[in-house]
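Below you'll find the structure, written out as structure tokens, and then a few comments.
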There are 2 protein chains.
Amino acid sequence: MPTASDFERMLRGASLRVTAPRIAVLSAVHTHPHADTDSIIGVVRQNLGAVSHQAVYDVLRALTGAGLLRRIEPQGSVARYEARVGDNHHHVVCRSCGAISDVDCAVGAAPCLDASDDHGFVIDEAEVIYWGTCPECTTAAKSS
Amino acid sequence: MPTASDFERMLRGASLRVTAPRIAVLSAVHTHPHADTDSIIGVVRQNLGAVSHQAVYDVLRALTGAGLLRRIEPQGSVARYEARVGDNHHHVVCRSCGAISDVDCAVGAAPCLDASDDHGFVIDEAEVIYWGTCPECTTAAKSS
DNA sequence: GTCTTTTCTGGAGTGAGTCAAGTTAACGAA
DNA sequence: TTCGTTAACTTGACTCACTCCAGAAAAGAC
């Protein structure tokens with residue numbers, strides 16, 4: 001787990017100012033992957049005390065823009081953030097409880113990046129979301 | 001292009017009641033693929049006159065649930081609907097203008113459905129979204 | 001034609017996220 | 001160290017897609 005000074009280095013590397021809210025948000029997302037904005041606000045406030053929700057929204061946007069965080073938003077869910085960036089990985093989402101897990105790319109480094117007919121689009125990323133049922137919900141459904 | 005009686009047959013096939021708003025919504029989505037709810041409401045009102053937005057939301061949900069329509073919502077966009085259901089196809093989304101195009105599956109009928117490590121999830125669908133720049137935006141960017 | 005059930009209307013409400021104006025603090029330069 | 005600039009934070013109002021609710025209307029079964 002990265003330390004506060006690691007986070008500081010990451011911020012400086014992205015030429016962003018180092019502030020307590022930013023460190024706290026970065027840390028919260030590292031310890032709570034796939035957390036939604038509300039939970040992040042909660043965690044940040046536990047560590048720092050009062051922080052405006054607006055600040056957290058701003059920080060999340062700044063960090064996402066700088067490539068330090070990645071924003072994901074599966075259908076029917078609010079925005080979630082994760083700290084694992086730079087590798088091409090995807091997600092499985094549980095239809096029943098909304099749980100999210102990371103999945104490494106099925107077909108090498110850049111899977112499915114070739115669309116059969118790209119309609120002239122210049123494609124730079126392929127995002128894959130697997131939909132299914134998580135182990136907990138599967139067993140819960142069986143026993144009912 | 002399907003006719004009103006085709007739509008009627010589709011509704012009956014899904015054991016849904018046949019009403020003017022439903023026919024109109026079905027027709028609107030067929031003629032305007034990837035339209036958002038607001039545009040659909042607009043098209044429906046052009047054809048039918050006054051229809052409440054609530055009715056359109058209800059109809060869209062009923063038709064989506066019955067499998068007659070498919071709901072897609074790429075990040076940063078509101079919900080959109082398309083009438084092409086039952087075949088496993090995906091979408092390219094333009095980062096700059098939000099345009100959406102259909103893309104057939106790159107790797108056969110069910111692409112990438114095998115995650116390398118599924119964490120015990122029972123996966124039933126793989127959704128792929130390609131991100132890029134559409135032809136219009138590409139040429140616009142070059143000329144500027 | 002009458003009855004039951006589903007659908008539609010109109011209006012109020014919810015909640016994630018944004019906008020705007022003013023204050024505060026980070027950090028490079030003097 | 002202090003100063004000034006500029007980015008970041010606070011507060012609070014606001015937007016907008018979407019939902020909930022209660023009553024009215026219409027579709028389909030008998």
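Each chain gets a letter, A, B and so on, in the order its sequence line appears, and its residues count up from 1.
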(request) Could you check how far CG of A:Asp36 sits from P of C:dG15, rounded to whole Å? (result) 14 Å
(message) Let me test you: for the helix from C:dG1-D:dC30 to C:dA30-D:dT1, what is the angle between the axes at its two ends (five pairs each), rounded to 10 degrees?
(response) 30°
(message) I'd like to know if B:Glu82 pairs up with B:Arg80 as an ion pair, taking the criterion as any Lys NZ or Arg NE/NH1/NH2 lying under 4.0 Å from an Asp or Glu carboxylate oxygen.
(response) no
(message) Between P on D:dA17 and OH on B:Tyr81, what's the gap in Å once rounded to a whole number?
(response) 13 Å
(request) If the plane angle is over 60° it's perpendicular, under 30° parallel, otherwise tilted; pick one for A:His34 and A:His91. (result) perpendicular
(request) Indicate the atoms forming the closest heavy-atom contact of A:Ile129 with A:Pro74, along with that distance. (result) CD1-CA, 4.4 Å
(request) Side-chain contact test, heavy atoms from C-beta onward, threshold under 4.5 Å: evaluate it for A:Glu73 versus B:Glu73 and give yes or no. (result) no
(request) Indicate the atoms forming the closest heavy-atom contact of B:Ala83 with B:Leu69, along with that distance. (result) CA-CD2, 4.0 Å
(message) So which atom in A:His89 and which in A:Arg84 form the shortest heavy-atom distance, rounded to 0.1 Å?
(response) CE1-O, 3.4 Å
(message) Can you give me the closest heavy-atom contact between A:Ile40 and A:Ala28, atom names plus distance?
(response) CG2-CB, 4.4 Å
(message) Between C1' on C:dC8 and CD1 on B:Ile41, what's the gap in Å once rounded to a whole number?
(response) 14 Å
(message) Angle between ring planes, A:Tyr130 versus A:His90, binned at 30° and 60°: parallel, tilted or perpendicular?
(response) perpendicular
(message) What is the distance, to the nearest angstrom, from the CG atom on A:Leu48 to the C1' atom on D:dT10?
(response) 14 Å
(request) Would you kindly give the CG-to-P distance between A:Leu11 and D:dC9, to the nearest whole Å? (result) 10 Å
Close N/O contacts between protein and nucleotides 22-25 of chain D (under 3.5 Å):
none

(message) Counting primed atoms plus P, OP1 and OP2 as sugar-phosphate and everything else as base, spell out the protein contacts along nucleotides 17-30 of chain C at 4.0 Å heavy-atom distance: B, S or - for each nucleotide, 5' to 3'.
(response) BBB-----BBS---
(request) Return the minimal non-hydrogen interatomic distance between B:His53 and B:Arg45, and the atom names on each side. (result) N-NH2, 3.5 Å
(request) Verify the distance criterion only: is there a donor paired with an acceptor across the side chains of B:Asp102 and A:His119 at less than 3.5 Å? (result) no
(message) Expressed as a whole number of angstroms, how long is the span from B:Asp58:CG to D:dA17:P?
(response) 18 Å
(request) Kindly compute the distance separating CD1 (A:Ile72) from CD1 (A:Ile100), expressed to the nearest 0.5 Å. (result) 4.5 Å
